[in-house]
Structure formats: structure tokens, C-alpha cells
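Lettering of chains follows the sequences in order, A, B, ..., and the numbering in each one begins at 1. Since we're looking at a predicted model, the values are computed, not measured.
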Protein chains: 2
Amino acid sequence: MLSEANQSVLTNLHGKRLHEAIVEQFHYWIQKGILEHGAKLPAERVLAEQLKVGRGSVREAIRTLELQGLVTSKQGSGTFINTQNLNAVASLMTFSLIESLGDGEAQLKDIFEVRHLLEPQLAALAAQRATPEDEERLSAILVEQLRQIMEGETGVDADTEFHFALATATHNTALIKVVSAVEDVLRQSRDQTLQQPGRPERSLNSHRRILEMIQAKDDLGALAAMEHHLTEVEPSSINPHAQEQVT
Amino acid sequence: MLSEANQSVLTNLHGKRLHEAIVEQFHYWIQKGILEHGAKLPAERVLAEQLKVGRGSVREAIRTLELQGLVTSKQGSGTFINTQNLNAVASLMTFSLIESLGDGEAQLKDIFEVRHLLEPQLAALAAQRATPEDEERLSAILVEQLRQIMEGETGVDADTEFHFALATATHNTALIKVVSAVEDVLRQSRDQTLQQPGRPERSLNSHRRILEMIQAKDDLGALAAMEHHLTEVEPSSINPHAQEQVT
DNA sequence: ATATATAATTGGTCATACCAATTTATGTGA
DNA sequence: TCACATAAATTGGTATGACCAATTATATAT
């Protein structure tokens, strides 16, 4: 099996950490079919000796493989290959593809796209379900946003708060989690977006329109208002042009 | 900061492994805002002492957090919180979604509602952007799903894989992360859903229809097909009736 | 042959020691 | 005083050895 696993197998450490090299070795073995589904790995101690590494490194590697869904460990019995779980292999393949894409602005555009998918419908839901307390809360946030803007701030915090409160008004806990995650990522960049002159005021105005629609229980109106709002606050940097901004 | 981290913090080991409990503790700290982006963690040795655990367990926990994109370690300097990247947010999202799911089926309904908001539009996007490779991949998954069904299985894995691949076909990394988080949470319950007679076949058929629409680049058709699919696979357990199932 | 008790196996955890990269402190010379 | 080289302290990375806990394999008694 893996008996010929000597130090020569793990020599490709390009600054990589040892357990990472071990993980790659297993990826190779699995992909090559040397380790099939259900196969039992040698005991950690044996594996450590065969690979000429410490047991700790083996364990850290196994931890990684376990998180990737490729193996499962059970105390007393052993560690087993688990390729039945397609999620594991497939998601890892796409993983490497995705990771190669830079962490630059492409992701920001993606996030806005997610917002476009989610938030208009979210607004519609909120219009259907918002309680008087929800509406009051949204209204209070807009007051705060106005105050921040008048004091020369951008109003980012209030802006984020508004979207979060809107999610809360749907009374859907899962939706709240998802939206707050997305908004969290956005908050960093949102400050820049709102830096452009006139943007904070326009954002506030479209927020007001959304709230009006919600108060009127007009779900389709809320949907449209949110769609409009998102289009308006969208950073122009998503466009290839207009890259220059005051730093 | 985390100075008050004594053994009482990690007492919730419901058969969980120690390093897993440590990971959860960090999830909590990060989500609670106690650990913000860029924050430097205490040294592994210190952390081990504070948590009253061995350094090895701390390292295995850090390995997990690193794989989830929540921290990055660099030899000589330290380990730092990193919540800027999308992987990190997705990890925390899954974590908190699962956490809130504990109470019962009320939240399951919420998750399905999120799917109803997201996936039809996701399908439409996929129809616009899917490459021939994406379509081939989707097609292959349906073949696998058919195989699983013919062997008497429910085809959950292939089912989950299909939705994930669909997200991939949008070529929107953020969307992929969000959807996979939602799907991850759903996979557990989906097995039950598909247990009902006829369900697996109907699921496969509606998957086929979605793929056809995508191949025809018919985005609105894909949207409608997905909407239909979701309505069809929706667990009747959301309904108070029809609880009895063959064990 | 079956059931039970015992031993061996194996993952899970802890402690200690040393290595390697990095950071910080120190000292020396201009 | 400042700059820069050097040394020390810090911190993640790895290796060993030990012991615990769950599981499996073996042996023993009935």
C-alpha cells in the first residue's frame, strides 16, 4: 500500500508546512485510487513512522482531511477513507479553482450581486410581516442616519443597521443570519462608496422610500424601492471606468 | 480579553472532541466581536494554559480555524484573526445557522424560505453564464443521482451536489459560499425529506428540467423550473400533518 | 458454542524539548 | 543622536514519549 512512503515522498516542501505536505500526499493517493472508499488508514503511530514525521503532524494532516470530508476518525477503531461524500472531493476541486481568483474587487461585485438577489425580496417579505415595532425601529434608524449625515459623517453604521433591521423584520432567523453575514463583508467597502458627494443623502432618501412602502404593506413597492436603492448605492468602481477616487 | 477563559468555558463537551470544543469557543468569541479582524491571538503555549488544555489540542483547533479561513498563522510572528475573506464569513454563517436550528422545525421552514428567495434567481443566473463545462458537470451529477436512486438510495449526496454545482455555474464566489452554507445545513434534513416514496424520482425529474432550461440559456425558464422544484421537494413535515414515516 | 473477562489496538490528550522564522532589545560605531 | 549590526526573546513548527478512553481482538470459563 503506502509502505514505500519514505522521506522521498514528502520532499516537495516548497516552504509548505509539513502537515500540508502530508495532506497533499493523501490527496494524491486518493486521487490515484491507491486509497479507495472505506479503506482503513494505518494507525497514526505507524503512519508517523512510515512518513518519518511526528505523530502530531500526522494528526494535523488528518484533521485537515477530516474537515475536507475525505476521512473520518473514530477513537478505538481507526481512520477511514470516505469518498462517498461527493461534497468533499468536488468542493475541493472547485475550491482550488476559486482560490486562484484574486481576493480583489471581483468579490465585491459578487457580493453586490448577492444583495440584488436577496434584498429586494427580503424587503417584500418585510413589507408583509413587519410589526409596528419593526417599523418604529426602522424609522428610528433613519433619524439616526440623518443625524450622522448632518454631522458630516457618511452614515455607514446607520446604513448597515437599516439593512439588518429590515432582515429582522422578516422574522426569519436564517435570513437574518445570511444577510448580516453579507452586510458584514460589505461594511468595510461601504464607507468608501458613501464617500462620494451626494451619496449619503441619496441613500437616506431611498431608505425612506423603502420604509414608506413597508408601512403601506406594499410588498411589490418595497421590492422595487430596494432594487432602486441597490442600483443607486452600487459602487461605480464595479464599472471598469471611473476608477479614480480621492484617497 | 480571553483572560477569563478557564475550564468552565469548555465544559460543554457532549462527546465532542476537545479541539472541536475549542473551535466552537473561538467561533463564539469571533461572532461576539470579542475577537475582531486583525487581532492577534495569545501564543499557543499561553492559550493552552488559559484553556487548561494541551498545546496539541490548541494547534488542532487552530488548524481547523485556519482551514475555515478564520485565522492565519505565521511562524515567528503569531496567529491572527482574519474575517475579511469570504470563506471566513461562510464558516461562521454555517456555524450560526446550525446553532439556531437546534430548537426545531420552525427554523427549517426559514431555511427553505431563504432557498425560495435565492435559488430560482440563482438558476436564472446560471442559465445566463453556465459554460459547457458547467453543463457537463451538472449532467454528470444527474447521471450519478439516477444511479443512486436505482440502487435504492435516496440520492441526497447527488441532490446537494447539484445545487452546489448550480451555484458554481453562476461564477459568483460569494453566491457559492452562501448557497453552500445553506445547503450544508439542509443536507441533514434532506435525507428525511427524500425518504418519502416517489420523492427521489420527482426530484431527479425537476433537476432535469432545470438543466434543460440552462442548456437552452432560458433564464426565466430556469427560474420557474427551480421554483417548481423547490415547492415539490419541500418537506411536508413543515406541515403539521403527515408526520408518520417508516423507520 | 456462547458468554464473559482480558489483552491489544487505536484515536485523543498532555507534557517537554528542540528547531526555525520573526520580532524586539541591545549595543556599537559613525 | 542616529543607523545598523548583533544578540536575545518570542512564537509557530516539529518530534518523542507517556497516559487515557473507546474499540476490537483474543483467550478463558462454563
Side-chain angles (χ1 to χ4, degrees), chain A residues 1-2 5-26 35 38-82, chain B residues 1-3 5-7 9-26 35 38-82:
Chain A
M1 307 281 180
L2 336 164
N6 47 42
Q7 99 291 353
S8 68
V9 184
L10 295 177
T11 39
N12 24 5
L13 304 125
H14 305 77
K16 277 191 275 277
R17 288 175 290 188
L18 192 46
H19 65 263
E20 292 172 337
I22 299 175
V23 168
E24 288 187 9
Q25 187 58 61
F26 272 97
L35 289 173
K40 177 179 179 177
L41 299 191
E44 292 178 354
R45 295 165 177 81
V46 179
L47 219 37
E49 190 189 11
Q50 287 182 347
L51 296 170
K52 308 274 185 69
V53 299
R55 192 180 159 204
S57 298
V58 170
R59 280 185 63 80
E60 292 190 23
I62 290 181
R63 209 77 307 121
T64 299
L65 293 169
E66 194 173 40
L67 275 174
Q68 296 174 338
L70 290 169
V71 305
T72 53
S73 295
K74 210 160 47 173
Q75 182 177 176
S77 60
T79 302
F80 303 85
I81 296 289
N82 176 238
Chain B
M1 307 285 173
L2 334 167
S3 41
N6 46 43
Q7 98 292 355
V9 183
L10 294 177
T11 39
N12 25 2
L13 306 120
H14 306 77
K16 278 191 274 280
R17 290 177 288 190
L18 191 47
H19 61 263
E20 290 172 339
I22 298 175
V23 167
E24 288 188 10
Q25 187 57 56
F26 273 98
L35 290 172
K40 178 179 179 177
L41 298 192
E44 292 178 352
R45 295 164 176 82
V46 179
L47 219 38
E49 191 189 9
Q50 286 182 346
L51 295 171
K52 308 275 184 68
V53 299
R55 194 182 159 203
S57 297
V58 170
R59 281 186 62 81
E60 291 191 25
I62 290 180
R63 211 75 311 122
T64 299
L65 293 169
E66 194 173 41
L67 234 65
Q68 295 176 336
L70 289 167
V71 305
T72 53
S73 296
K74 209 159 51 178
Q75 181 176 179
S77 60
T79 301
F80 304 85
I81 297 289
N82 172 240

- Message: Can you measure Glu20(B) atom CD to dG11(C) atom P for me and round it to whole angstrom units?
- Response: 16 Å
- Give one of base, sugar-phosphate or nothing for Gly56(B), where a contact means two heavy atoms less than 4.0 Å apart. nothing
- Query: Hey, does the side chain of His19(A) come within less than 4.0 Å of dG13(D)'s phosphate (OP1/OP2), counting only N and O?
  - Reply: no
- Query: Shortest non-hydrogen contact from Ser73(B) to Arg17(A)?
  - Reply: CB-NH1, 4.1 Å
- Examine the base of dG12(C) for any acceptor or donor lying under 3.5 Å from a partner atom in the side chain of Arg63(A), and report the outcome as yes or no. no
- Would you please name every residue forming a side chain to side chain donor-acceptor pair (under 3.5 Å) with Ser57(B), sequence neighbours left out? none
- Message: Strictly below 4.0 Å: does Arg17(A) bring a side-chain N or O up to OP1 or OP2 of dT14(D)?
- Response: no
- Kindly say if Ser57(A) contacts the phosphate of dA15(D), meaning a side-chain N or O under 4.0 Å from OP1 or OP2. yes
- Whether each nucleotide of nucleotides 19-26 of chain C has a protein heavy atom under 4.0 Å at its base (B), only at its sugar-phosphate (S) or at neither (-) is summarised, 5' to 3', as -BBBS---
- Taking all atoms of both residues into account, what is the closest heavy-atom pair of Ala48(A) and Val58(A), and its distance? CA-CG2, 3.7 Å
- Note on the structure: Sequence neighbours excluded, the answer for side chain to side chain donor-acceptor pair (under 3.5 Å) partners of Thr64(B) is none
- Write down the distance between CD (Glu60(A)) and C1' (dG11(C)), rounded to a whole number of angstrom. 15 Å
- Starting at CD1 of Ile22(A) and ending at C1' of dT14(D), how long is that distance when rounded to a whole Å? 10 Å
Identify the pairs formed between an N or O of the protein and an N or O of nucleotides 4-7 of chain D at a distance under 3.5 Å, and give each distance.
none

- Which whole-number value in Å describes the distance from Arg59(B) CZ to dG12(C) P? 17 Å
- Query: Does Arg55(A) put a side-chain nitrogen or oxygen below 4.0 Å from OP1 or OP2 of dG17(D)?
  - Reply: no
- Message: Please report the distance, rounded to the nearest Å, between NZ in Lys52(B) and C1' in dT13(C).
- Response: 16 Å
- Between CD of Glu49(B) and C1' of dC14(C) the distance, given in whole Å, is 14 Å
- What's the closest nucleotide to the Val53(A) side chain, out of dT13(C), dG11(C), dA15(D)? dA15(D)
- Would you please name every residue forming a side chain to side chain donor-acceptor pair (under 3.5 Å) with Gln68(B), sequence neighbours left out? His27(B)
- Here the pair of heavy atoms bringing Ser77(B) nearest to Lys40(B) is O-NZ, 3.2 Å
- Message: So, does Ser73(B) get its side chain near the phosphate of dT11(D), meaning an N or O under 4.0 Å from OP1 or OP2?
- Response: no
- Query: With the threshold set at 4.0 Å, does a side-chain nitrogen-carboxylate oxygen contact exist between Arg63(B) and Glu60(B)?
  - Reply: no
- Return the set of residues passing side chain to side chain contact (heavy atoms under 4.5 Å, CB included) with Gln75(B) (not counting sequence neighbours), or none when no residue passes. none
- Message: Measure CD1/Ile62(B) against C1'/dT13(C) and give the value in whole Å, please.
- Response: 16 Å
- Query: Any donor and acceptor pair, going by atom type alone, linking the side chain of Lys74(A) with main-chain N or O of Phe80(A) inside 3.5 Å?
  - Reply: no
- Nearest whole angstrom, please: distance from the P of dT16(D) to the CG of Leu51(A). 13 Å
- Message: Quick check: closest heavy atoms across Val71(B) and Ile62(B), and the distance to 0.1 Å?
- Response: CG2-O, 4.0 Å
